[in-house]
Amino acid sequence: GVGFSYALSPRTQIDFDVDGLRSRNTYQTAYSTTGTAGLGRKMGEHWFLRVSGGTARNTVVQQTSGSPQTQQLIGSGSLGFQTHAQTFLASYRLSSYDGSGLGVGTNTNSTGAWSWRRPGARWSIFSSFGYQQMTNTGFASFSGWSVTAGLNETLPANMRLSAQYVYFHSTGTYLGSATGVSVNSIRLTVGWSPQAVQAPQAGQP
């Protein structure tokens, strides 16, 4: 994907994104190309908002049953509230594919999230609850919910550690047969970012 963002003011930002995805599984091999435009706005001291919209173009290479929509509208919206140490966020996303690779179709995701970080502290905690639905793939349709909890910690040498637990449960149909899935997962992530280089001040080499 390729993205571009521009700050119209200290409180307002616009962005444009173009993404391409190839999804391949037992039932479907397909491509989805998306283009979106977004607007972010910080409203007052605590509230912030972001909305985006665009279109998706789906191309099926091979599929055992049915087919997804060739073209569809996509978009997202989020509203957040931030205090001295906490952040609350509610979001909704309509996309042309499932992030876990289940297929190209119509995917909706609603999420409520919370995080807490004391100013100056090296660690923070977070949790979220989400509802997801996948339709119009041609071979599968499902809906389910997930719960996430975890923590982030800043390590020496510009490193960061994230640990999270996720429980996901869904029910639906695959090729006309009813199915249900429950998943427990733990994810550990270690990240590193380069040290920022401070520009020399006037009169310094």
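Just so it is clear, the values below take in all heavy atoms, side chains as well, and ignore hydrogens, waters and symmetry mates.
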Do you reckon Phe126 sits in the same ILVMFWY cluster as Val166, going by side-chain contacts under 4.5 Å, direct or chained?
-> no
Do Leu79 and Phe81 share a hydrophobic cluster, counting only Ile, Leu, Val, Met, Phe, Trp and Tyr and linking them when any side-chain heavy atoms are less than 4.5 Å apart?
-> yes
What's the spacing between Tyr31 OH and Tyr97 OH if we round to 0.5 Å?
-> 15.5 Å
Closest approach of Leu8 and Ile14, non-hydrogen atoms and distance?
-> CD1-CG2, 3.7 Å
For Ser96 and Thr34 the tightest heavy-atom approach is OG-CG2, 3.6 Å
Kindly check if the number of other-residue, nucleotide or ligand heavy atoms within 6.0 Å of CD (Glu45) is above 12?
-> no
Check whether more than 12 heavy atoms from other residues, nucleotides or ligands sit under 6.0 Å from atom CZ of Arg118, and answer yes or no.
-> no
From Gln62 CD over to Arg24 CZ, what is the distance, rounded to the nearest 0.5 angstrom?
-> 8.0 Å
Report yes or no: do Trp192 and Val190 belong to one cluster of Ile/Leu/Val/Met/Phe/Trp/Tyr joined by side chain heavy-atom distances under 4.5 Å?
-> yes
Would Val18 end up clustered with Leu73 when hydrophobic side chains under 4.5 Å apart are linked, directly or stepwise?
-> no
Taking the side chain as C-beta and beyond, is there a heavy-atom pair between Thr106 and Met134 under 4.5 Å?
-> no
Value for OG1 (Thr12) from NZ (Lys42), rounded to nearest 0.5 Å, stands at 11.5 Å
Heavy-atom check, side chain of Tyr165 versus side chain of Val147, under 4.5 Å = no
Would a hydrophobic clustering, with Ile, Leu, Val, Met, Phe, Trp and Tyr connected at side-chain separations under 4.5 Å, put Leu21 with Val60?
-> no
Which is it for Arg57 and Thr70 under the side-chain contact (heavy atoms from CB on, under 4.5 Å) test, yes or no, and what are the steps along the way?
-> CA-CA 6 Å; Arg57 180 75 177 181; Thr70 303; 3.4 Å; yes
Here the gap from Gln72 atom CD to Leu94 atom CG, rounded to the nearest 0.5 Å, amounts to 6.5 Å
Going by heavy atoms in the side chains, are Ile74 and Arg93 under 4.5 Å from each other?
-> no
Just by modelled atom types, is the Thr137 backbone N or O under 3.5 Å from a matching donor or acceptor in the Gln63 side chain?
-> yes
Measure the shortest side-chain to side-chain distance between Pro68 and Gln28 over non-hydrogen atoms and say whether it is less than 4.5 angstrom.
-> yes
Distance, nearest 0.5 Å, that separates CG of Asn152 from CZ of Arg122 = 13.0 Å
Exercise: identify the closest heavy-atom pair between Trp123 and Arg117 = O-CG, 3.8 Å
Where do Ser76 and Ser52 land on the side-chain hydrogen bond (donor to acceptor under 3.5 Å, both in side chains) test, with the steps shown first?
-> CA-CA 5 Å; Ser76 65; Ser52 69; 2.6 Å; yes
Taking all non-hydrogen atoms of both residues, which atom of Leu89 and which atom of Ser78 are closest, and how far apart?
-> CD1-CB, 4.0 Å
Is any side-chain heavy atom of Asp17 closer than 4.5 Å to a side-chain heavy atom of Asp19?
-> yes
Which distance, rounded to the nearest 0.5 Å, do you find between the CD of Glu153 and the CG of Leu161?
-> 6.5 Å
Whether Gln71 side chain and Thr55 backbone form a donor-acceptor pair below 3.5 Å = no
Do the rings of Phe168 and Phe142 sit parallel, tilted or perpendicular, given the 30° and 60° boundaries?
-> perpendicular
For Gln82 and His46 the tightest heavy-atom approach is O-ND1, 2.7 Å
Between Met43 and Leu49 the two heavy atoms that sit nearest each other are CE-CB, 3.7 Å
